[in-house]
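So that the names make sense, note that chain A is the first sequence line, chain B the second, and so on, each numbered from 1. Since the model is a prediction, treat every value here as computed from it, not as a measurement.
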Number of protein chains: 4
Amino acid sequence: MTAPKTHPGRTGSRGRIDKREAILAAAFRVFARKGFANACVKDIAAEAKVAKPTIYSHLDDKDALFREAMAAAAEGVSATSAAAVEGLRHPGEDLEAAFGTAARLLLDSCLTESSHALRRLTYAELPRFPELLDTVRGALNGRLVDDLAGHVAMLSVGGRLRVGDPVLAAEQFVSLITGPMEICSAMGTREVTAEKAAEVASAAVTTFLAAYGTD
Amino acid sequence: MTAPKTHPGRTGSRGRIDKREAILAAAFRVFARKGFANACVKDIAAEAKVAKPTIYSHLDDKDALFREAMAAAAEGVSATSAAAVEGLRHPGEDLEAAFGTAARLLLDSCLTESSHALRRLTYAELPRFPELLDTVRGALNGRLVDDLAGHVAMLSVGGRLRVGDPVLAAEQFVSLITGPMEICSAMGTREVTAEKAAEVASAAVTTFLAAYGTD
Amino acid sequence: MTAPKTHPGRTGSRGRIDKREAILAAAFRVFARKGFANACVKDIAAEAKVAKPTIYSHLDDKDALFREAMAAAAEGVSATSAAAVEGLRHPGEDLEAAFGTAARLLLDSCLTESSHALRRLTYAELPRFPELLDTVRGALNGRLVDDLAGHVAMLSVGGRLRVGDPVLAAEQFVSLITGPMEICSAMGTREVTAEKAAEVASAAVTTFLAAYGTD
Amino acid sequence: MTAPKTHPGRTGSRGRIDKREAILAAAFRVFARKGFANACVKDIAAEAKVAKPTIYSHLDDKDALFREAMAAAAEGVSATSAAAVEGLRHPGEDLEAAFGTAARLLLDSCLTESSHALRRLTYAELPRFPELLDTVRGALNGRLVDDLAGHVAMLSVGGRLRVGDPVLAAEQFVSLITGPMEICSAMGTREVTAEKAAEVASAAVTTFLAAYGTD
DNA sequence: TATGAATGAGCGTTCATTCAT
DNA sequence: GATGAATGAACGCTCATTCAT
C-alpha cells in the first residue's frame, strides 16, 4: 500500500512523522524563546509533550534538532514571504497598486514572530551552524529576491519598468521595506504601529518607482 | 622621563585600564566568533592572556562582560560610520559625487568584521540584553541616521533635494546600502567583491537621487 | 516469588527510594566527617557510589541535601534515646535501679557516633539552618525530655518522687548524664571508658534521687 | 629600651602587636557571623580595616588565622567564666548564697554572644581543627571545672560538702547550669528570659546541695 | 517504541594565596 | 611594612546523552 495515511494511525509511518513534526515545532518555539544554548532538551521535550529519549530517537543530537527545526520553520516563513510578491507576476493596470500590495504583504510577513525568531537565531548561531545560510537565508531572502527579480525582469522586458540589474533592483525593493522596518522595530523587539508600517511601505514603493518606473 | 610607560602599575592606573580594554577586546573577539552563550569565560581569558579571575576582578559577571565589550566595540564602529556621511554637510557642486563618496565610505564601514559581528550579536542577543538597543544601535544606526537626516534636511531646505520626511529618507539611503550588502555578504560570512560593492553603492545613490533629487 | 527484590527498578519505585536513602546516609557520614561547608558534593557522591548529578536528581541542592540527611539521621537517633527512658513508665519496686537502667541506656545512645555528629552539626549549623531546631532538636532532646518529664510527673503524683517542675527536673536528669559525658568525651572526639561511663551514670542517678527522691 | 609602649607608636613592636590583635578580633567576629568556610579573608580584612596581604604578614594562612582568633577569643571567655566560681574559694557563712552567686555569674558568661559563637565554631570545625579541643575546650570548661573541683574539694575537706569525686561533682554542677540553659536557649539562637535563667540557676544549686550538702 | 534514571563533562564563579610595587 | 593586582584550584550546579526496562 502506497497511499500516505494522514490520520495519526499506528499503522503506516504517518504517526511517527507527525510526532517528528510536533517535536520540531516545539523545538523551534523553545529555541525562539531561549536561544540555542539556553534551551535545554528537557524543555523541548516538555513543550512537545514527549520524553527526552523520544527526541533522541527522532533526531541524532541537539545540533540536528536545531538544524531541522530551523529548516522546518524557514519553510513556513519562506512560503508566505514568497507569496507576498506573487501578485507582481500579473500586476494588472495599476503598477503602483500592485507594488503597494506586495510591499504590505511583505512587511506583514517580516513582522511575524516566526520571522523575527528565525532571523535572530540565524544571526546568533551562524558561527556554529554555517549551513544555516543555505537552509534559512535561502528561505528568508534568497527565494524572495529571486522571485521578485524574475517579476521585475518580466516587467522590464514588457517596458513597464526600466531596470538594468533586476537582481539588484529586487534587493533594493526588499531592503527599502525591511531596512527601515528593522530600524524602527528595533530588530523585532518593539511594536510597530500600523501607520508607520503603511508609511514605510508607501515610501518604499514611491522611491522604487521613482527610480525604475517608466511613467 | 615624561613618555607614558605601558608598564603595568606605573603612570597611575593606566596599566589597569589597559588590561581592562584588552579584556574587553578579547571578549568581543570571542563573542563574535562563538556567540554569547557558546563563548565561555575560559576562552576569553585565554584570548586576553589573563587568568579567569582577573576578568572577574574587572567585570562583575559574564553578562557585564558582554555588555561592556559590546559597548566598547560599538564606540569604535560608531565613529567611522558617522564620519562616512560627514562629507554631506558641505557637499559642494556635485551632489551625486558627494553621495557616492558617502555611500562608499558607509559601505566600507559596514563591511568591517567588527561591524558585522556587532550587528549579528546585537540581533542575536537583544531579547536577553534589551539595553543593547541604547548602547549599540544608537552607535550603529541611530547616530548615523540622525546625522544623515540632518544633512538631508539641510539639502532639502537648500532646494537641492526634495524630501518629505528626512528621517525616512535617511533610513532609506542607509537601507539601500546596507540591505543589499547584507543580502549578498550573507551577514558577513561571505566575501563581497569590490565590483559588487561599487555596484551596490552606485545603484543606491542613483535610486536615492532618482527619488529625491531635483535635477 | 514474593520476597521484595532489591534489584533497582523492580518492585515499583523501591529502588529509587533505596538510592535516595543511601545518598542521605552517605551525605550524613560525609557531613559528620567534614562539617557542612567543608564537605563537597563530589565527596558525598563518591561515598554514596553514585554520580554527582544523581544526587541533584534526588535533592534540590546542597542545603536540601543537608536538611534531609540531618532529618533522616535524627529519626534514627530519636527512637533509641526515647526508648531509653521508656522503662521509667513502670519502674517497679526498685526506683534507683530503674533510673540506673535508664541512665545507662541514655548514655549509650548519647555515645553513639551518630548522636555526637548530629549534635555537633546541629550546633554548628543552626545559624544557617534554623529549622534544624524543629527537625533535629525535637528528635534529640525535645521528645526525650517530654517523655521523661511525663514519667517524672507520674512518679511525683504517685509519691515516689517530690518534684516541683517536672520539665526542669527532666532537663536536669538529662543534663547530669549528657553534660559530664560531653565534657569528658570532648564532644565525641575521645573515647570514654566503660568505667567512666558507669561512674557518670551512677553519679547522675545518685544526685538526681538525692534531690528529688522520697526515701 | 624595654618598657612596653602602649600607645601605637612606630617605635617598638607594640603597634604591630596591636594590629595583630585587631586582626584576630575582627577575624573572630567574621567567623562568628559566617562560619569558617564561608568567611573569606577579604571580609576579615575589611572588618579589620587592613589590606588582605597585611593579614598574611601577621598570620601564615587562613587556618592559622582561625586558630589564633579562636584562642584569643577563648582566653577572653575563659577569664570571665573562671571568675564566676572564684567566689567559692572563700564562700563565707551562707554556702547556698555563694553557690547561687556562682551559678548566676556562670550562667551570664554562658549566655554571652562570644561564648555561644566559640562553642558553635568549635563544634563546627572540630573535624578539621582537632587541636581546638586543647585551646578552646580547656578555656571553656576545662579550667572552669578544674577550678571548681578545687573549691569543691576544699569545701569537702572543710566538712561543708560531702563529695566523693570532686571533679565529677564539679562537672555535674556545671552541667546542671549549662545543660538546661542550652536546651532552652536552643543553642544560643533564642533569647532566654531572666526569670527562666534565675529559675535554672536556683534549681541547679538546690539539686547540687541536696546531693552534696551537709546541712 | 517510549521512558525514568544515571552519568561524564563542562561552566560560571569564588577564594586563598602570592608577586611587584 | 602595606597594598593593588593577578592567579591556580576548587565547588555548586546543569545538561546532553545513554542504559535498562
Assess whether side-chain contact (heavy atoms from CB on, under 4.5 Å) is satisfied between L121(B) and F28(B), documenting all intermediate values.
-> CA-CA 10 Å; L121(B) 285 169; F28(B) 182 72; 4.1 Å; yes
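- Classified by interplanar angle (parallel below 30°, tilted 30° to 60°, perpendicular above 60°), the ring pair F66(C)/F31(C) is perpendicular.
- The shortest distance between the side-chain N/O atoms of S57(B) and the OP1/OP2 oxygens of dA5(F) is not below 4.0 Å.
- Between R33(D) and E47(D), at least one side-chain N (NZ, or NE/NH1/NH2) sits under 4.0 Å from a carboxylate O, which counts as a salt bridge.
- Partners of R128(C) according to the side chain to side chain contact (heavy atoms under 4.5 Å, CB included) rule, which considers only residues two or more places apart in sequence or in another chain, are F36(C), D63(C), E125(C), N38(D).
- What separates CD1 of I44(B) from C1' of dG12(E) is a distance of 11 Å, to the nearest Å.
- Here E75(D) pairs with R143(D) under the side chain to side chain contact (heavy atoms under 4.5 Å, CB included) rule; sequence neighbours left out.
- Listed by chain and number, the residues in a side chain to side chain contact (heavy atoms under 4.5 Å, CB included) with A64(A) are D60(A), D61(A) (sequence neighbours excluded).
- Of the residues in residues 23-35 of chain B, none has a non-hydrogen atom less than 4.0 angstrom from any atom of DNA chain F.
- Summarising the geometry, the separation between CZ on F66(A) and P on dA16(F) is reported as 13 Å, rounded to the nearest angstrom.
- Nearest nucleotide to the A51(D) side chain, out of dG4(F), dA6(F), dA6(E): dG4(F).
- In this structure, D43(A) places its CG atom 13 Å from C1' of dA16(F), rounding to the nearest Å.
- Atom-to-atom, CG of N38(A) to C1' of dG10(E) comes out at 15 Å; the value is rounded to the nearest Å.
- Atom NZ in K62(C) sits 7.0 Å away from atom CD1 in I44(C) (nearest 0.5 Å).
- Not one N or O on the side chain of R120(C) forms a donor-acceptor pair closer than 3.5 Å with the backbone of A124(D).
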Pairs under 3.5 angstrom, nitrogen or oxygen only, protein versus nucleotides 16-18 of chain E, please.
{"from": "dA16(E)", "atom 1": "OP1", "to": "A39(D)", "atom 2": "O", "distance (Å)": "3.2"}
{"from": "dA16(E)", "atom 1": "OP1", "to": "K62(D)", "atom 2": "NZ", "distance (Å)": "3.0"}
{"from": "dA16(E)", "atom 1": "OP2", "to": "V41(D)", "atom 2": "N", "distance (Å)": "2.9"}
{"from": "dT17(E)", "atom 1": "OP2", "to": "Y56(D)", "atom 2": "OH", "distance (Å)": "2.9"}
{"from": "dT17(E)", "atom 1": "OP2", "to": "K62(D)", "atom 2": "N", "distance (Å)": "2.8"}
{"from": "dT17(E)", "atom 1": "O4", "to": "K52(D)", "atom 2": "NZ", "distance (Å)": "2.9"}

R20(A) and L59(A): CA distance, side-chain angles, deciding distance, side-chain contact (heavy atoms from CB on, under 4.5 Å) verdict | CA-CA 8 Å; R20(A) 181 192 159 95; L59(A) 283 313; 3.9 Å; yes
In dot-bracket form, how is DNA chain F paired, counting a Watson-Crick or G-U wobble pair only if both its distances are under 3.5 Å and using | for bases paired to another strand?
-> .||||||||||||||||||||
Quick one: do L65(C) and L24(C) satisfy side-chain contact (heavy atoms from CB on, under 4.5 Å)? Show the steps, please.
-> CA-CA 7 Å; L65(C) 180 57; L24(C) 292 181; 4.1 Å; yes
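- Computed from coordinates, the L59(B) CG to dA5(F) C1' distance equals 15 Å when rounded to whole Å.
- Between R20(C) atom CZ and dA5(E) atom C1' there is a gap of 15 Å when expressed in whole angstrom units.
- Considering all non-hydrogen atoms of both residues, L118(A) and A74(A) come closest at CD2-CA, 3.5 Å.
- The side chain of H58(B) contributes an N or O atom lying less than 4.0 Å from OP1 or OP2 of dA6(F).
- The T54(D) side chain lies nearest to dA2(F) when the options are dA2(E), dA6(F), dA2(F).
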